[in-house]
Amino acid sequence: METMLPPELVTLARRVVEENCAQGRRVALAESCTGGLVAAALTEIPGSSEVLDAGFVTYSNEAKMKTLGVSLDVLETFGAVSIAVAWRMAQGALEKSQADIAVAITGIAGPGGGSEKKPVGTVVFARAVRGADPQDVHADSKLFEDNGRAGIRLQAALCALELLLPDSPAPEGE
């Protein structure tokens, strides 16, 4: 299959589409630092329309607030790259779609923007499932190797796709 995306991304996206399709599950994405890369990977796969319901690229804080319902208070208290924001992004993606599961990604792809507490390569993921207790937070922060902006975004996209697999363990939690 001809694709402009890295082969490992397309291979994992194919698994996500096939396994979710087999279970009749629809997925949604709330992407920030990956800028739609996860949605692009899924849509490379024929039949992805059976699985992908919606993808939201909310790069700015304003978009996170307006589109996904992240509160200004949460953004100011915890910062855009936080479990609280990722969790709200995932919940917002579920609310704004017909999906059964949503994964959110927010992080610092670099080369700038990092800090001592949140260095470049810090990416936070959250997974929300329709009908689950919204107080039962499934989110985790990861620090990827700083192998350049493209490398961090690829690692983040691969992790997000893993979280969309039906048998994937939930992110660690707070």
All pairs passing salt bridge (Lys or Arg N to Asp or Glu O under 4.0 Å) where residues 23-35 contributes a residue, at least two apart: Arg26-Asp53
Separation of Glu44 CD from Leu9 CG (nearest 0.5 Å): 9.0 Å
Apart from Leu68 itself, what residues make up its hydrophobic cluster when side-chain heavy atoms of I, L, V, M, F, W and Y under 4.5 Å apart count as a link, directly or indirectly? Phe56, Met65, Val70, Leu72, Val74, Leu75, Phe78, Val85, Met89
Leu94: which other cluster members, linking ILVMFWY side chains closer than 4.5 Å, directly or transitively? none
With clusters defined by side-chain heavy atoms of hydrophobic residues (ILVMFWY) lying less than 4.5 Å apart, directly or transitively, does Val129 cluster with Leu52? yes
For residues 160-167, which side-chain donor-acceptor pairs fall under 3.5 Å, sequence neighbours excluded?
none

Let me confirm one number: the CG-CG distance from Leu154 to Asn147, rounded to the nearest 0.5 Å. 8.0 Å
Partner residues of Glu19 under the side-chain hydrogen bond (donor to acceptor under 3.5 Å, both in side chains) criterion, sequence neighbours left out: Arg15
Residue list, salt bridge (Lys or Arg N to Asp or Glu O under 4.0 Å) with Arg153, at least two apart or on another chain: none
Could you tell me which residues satisfy side-chain contact (heavy atoms from CB on, under 4.5 Å) with Ser49, sequence neighbours excluded, listed by chain and number? none
Roughly how far apart are Asp146 CG and Ile152 CD1, rounded to 0.5 Å? 4.0 Å
Residue pairs meeting salt bridge (Lys or Arg N to Asp or Glu O under 4.0 Å), one or both in residues 57-72, sequence neighbours left out, come to none
Partners passing salt bridge (Lys or Arg N to Asp or Glu O under 4.0 Å) against Glu50 (at least two apart in sequence or in another chain): none
Distance check, rounded to the nearest 0.5 Å: Cys33 atom SG versus Arg149 atom CZ? 8.5 Å
Can you tell me how far CG of Leu12 sits from SG of Cys159, rounded to the nearest 0.5 angstrom? 10.0 Å
So do the side chains of Leu37 and Leu5 get within less than 4.5 Å of each other, counting heavy atoms only? yes
What I'd like to find out is whether the side chain of Val27 reaches to under 4.5 Å of the side chain of Asn20, using heavy atoms alone. yes
Answer yes or no: is there a side-chain heavy-atom contact under 4.5 Å between Asp140 and Phe125? no
Residues passing the side-chain hydrogen bond (donor to acceptor under 3.5 Å, both in side chains) test with Arg130, sequence neighbours excluded, are none
CD1 on Ile45 to SG on Cys21, rounded to 0.5 Å: 12.0 Å
So salt bridge (Lys or Arg N to Asp or Glu O under 4.0 Å) across residues 88-114, not counting sequence neighbours, yields Arg88-Glu95
Applying a strict under-4.5 Å side-chain criterion to I, L, V, M, F, W and Y, I'd like to know whether Val10 and Val103 cluster together. yes
Going by side-chain hydrogen bond (donor to acceptor under 3.5 Å, both in side chains), name the residues that satisfy it together with Asp136, two or more places apart in sequence or in a different chain. His138
